[in-house]
Amino acid sequence: MRAFNPLLEIDLAALCRNYRRLAAATPSAEAAGVVKSDAYGLGAAAVARALHRREDCRTVFVAYSEEGAAVREAVGDDADIFVFNGPYEPYLDVYRRYRLTPIISTIDQARLWTTTMAGAPVAVHFDTGMRRLGMPPYEIESLANTAGLKISLVMSHLACASDPNHPMNARQRDEFIAIAARFPDARKSLSSSGGALINETFGFDMTRLGVGIYGVNPFDAGATAVEPVARLTAPVLQVRTINAGDAVGYGASFTAQRKSILATISLGYGDGYPRAGSNRAAAWLAETRCPIAGRVSMDLIVLDVTDAPQQPQIGDRAEFFGPNHAIEEAATACGTIGYELLTGIGGLARPRIGLGARVERRYLWNGAPADATIAGE
Ligand SMILES: *Cc1c(COP(=O)(O)O)cnc(C)c1O
């Protein structure tokens, strides 16, 4: 029987190749994987296992301690798991139990750690221009004077890594060099996927690779250094012909200029596909670009398939992003970026379909079903 649900296919072999490409850009740095937000919607357990078992990636970053616990269970003991959002009292047990390393951003967090978890290493995040998380540079002395703190990693984060020519990149790098010099025994990390591709002076001891390994161009413009990893398809539920002048969908926001063929697709904003793609984004049916006609509904999207050489059949799959339709382009048409499109769809995808989860996640290895020891959840 053919599946009639939206399908998010994730090729873990492509993901591993992207990891190698980005790692090769800064050969003297260790390449760590960033698997926050359930690996950008692609599944943190499977992604962390693929990187760990196939690429020997031994360092992983997550946003929350609970995510760190799940990754620890997936990859086992021989990995370092860093938590961006720092330690908070209610979660200290999670850090202890799953041997997670917090990334501290305040002096209070440093004190909390030394008084409750003496001897366990920490990372420190310094703010060099992002003004989000991170310790301001004027707190270096207080930090250096916090007794008992064992700092294994000093990091910062680039605000403009998606534009390799932005002057802020070099400014943040130089400020980071000055700060890091104060911690000669700690390893150093500045760059995400974009930073890793600017040039080798951004590599330091470790890069933190996220979006690029998931197959999204880390730069806002220009050719991409990575290949697609995820493919979103959804099936045709109904095909109809309408006349010139007929309107389509809620608010009658699309009016056919000619006699048209429409295909109604089983996908909507309830599955995480952005409603902002109404009348702007498109999907591919076989080789043909088919624009979205009218508004994206909760569970349905209507495509104008008039220009397809063959009328689609019920159950045929339209590709909303993937190898035929670049995710960057799909995201732009929806007024967003690849990061948000992936996490939005993937956040609702599950390996098994049940109530509340229609998008099925399926892991592949070069197009064939992936090894269950990596992909199993
Ligand atoms: C998300 C994140 C990364 C990874 O960024 P990408 O652009 O996805 O490679 C690295 N470092 C920090 C602090 C992050 O929040």
Side-chain angles (χ1 to χ4, degrees), residues 15 18-26 29-42 44 47-48 51 57 59-65 67-68 71 80-86 100-106 109 122-135 153-164 166 168-169 172-173 176 179-180 187-198 202-222 224-226 229-230 327-328 331 336-344 346-347:
L15 178 128
N18 286 339
Y19 171 83
R20 286 203 290 277
R21 287 183 181 108
L22 291 171
T26 58
E30 178 186 354
V34 177
V35 298
K36 65 192 179 194
S37 207
D38 206 15
Y40 296 39
L42 303 189
V47 167
L51 293 175
C57 169
T59 305
V60 182
F61 287 80
V62 295
Y64 304 100
S65 49
E67 291 180 322
V71 170
D80 289 327
I81 302 173
F82 290 91
V83 181
F84 284 132
N85 290 4
L100 309 176
T101 307
I103 302 178
I104 61 173
S105 288
T106 68
Q109 289 174 344
V122 295
V124 180
H125 181 170
F126 278 101
D127 177 28
T128 54
M130 185 74 174
R131 323 274 188 250
R132 190 177 65 172
L133 284 179
M135 220 174 264
L153 178 79
V154 175
M155 62 159 274
S156 190
H157 192 44
L158 296 170
C160 303
S162 65
D163 174 4
H166 200 291
M168 193 145 168
N169 294 321
Q172 285 192 263
R173 177 198 56 199
F176 181 64
I179 291 169
R187 302 176 75 204
K188 281 131 198 114
S189 175
L190 175 64
S191 289
S192 55
S193 308
L197 292 172
I198 298 176
F202 287 83
F204 294 91
D205 298 316
M206 185 193 292
T207 53
R208 307 183 305 270
L209 307 176
V211 83
I213 62 179
Y214 303 113
V216 178
N217 187 355
F219 294 146
D220 290 336
T224 183
V226 295
V229 168
I327 187 165
E328 298 85 358
T336 184
I337 54 175
Y339 296 80
E340 190 183 13
L341 191 55
L342 268 191
T343 50

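Just so you know, these numbers come straight off a predicted model, no measurement behind them. Each ligand, and each atom within it, is numbered from 1 in the order the structure gives.
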Original post:
Is there a side-chain contact between V226 and I213, using heavy atoms and a 4.5 Å cut-off?
Top reply: no
**OP:** Using a 4.5 Å cut-off on heavy atoms from C-beta on, say whether the side chain of H157 contacts that of H125.
**Re:** yes
Subject >> Aromatic contact, F126 with F176 (centres under 6.0 Å) >> reply: no
Original post:
Which word best sums up how the rings of F84 and F61 line up, parallel for under 30°, tilted for 30 to 60°, or perpendicular for over 60°?
Top reply: parallel
Quick one: table the atom pairs, ligand 1 N or O against protein N or O, below 3.5 Å, distance rounded to 0.1 Å.
from     : atom 1 : to   : atom 2 : distance (Å)
ligand 1 : 7 (O)  : Y339 : OH     : 2.7
ligand 1 : 8 (O)  : Y40  : OH     : 2.5
ligand 1 : 8 (O)  : V211 : N      : 2.7
ligand 1 : 9 (O)  : S193 : N      : 2.9
ligand 1 : 9 (O)  : S193 : OG     : 2.5
ligand 1 : 9 (O)  : G210 : N      : 2.9
ligand 1 : 9 (O)  : V211 : N      : 3.3
ligand 1 : 11 (N) : H157 : ND1    : 3.4
ligand 1 : 11 (N) : R208 : NE     : 3.0
ligand 1 : 11 (N) : R208 : NH2    : 3.2
ligand 1 : 15 (O) : K36  : NZ     : 2.6
ligand 1 : 15 (O) : R132 : NH2    : 3.4

Subject >> Rounded distance (nearest 0.5 Å) linking atom CE of M206 with atom CG of L190 >> reply: 12.5 Å
Subject >> Axial cation check for F204 ring with R187, 6.0 Å and 45° limits >> reply: no
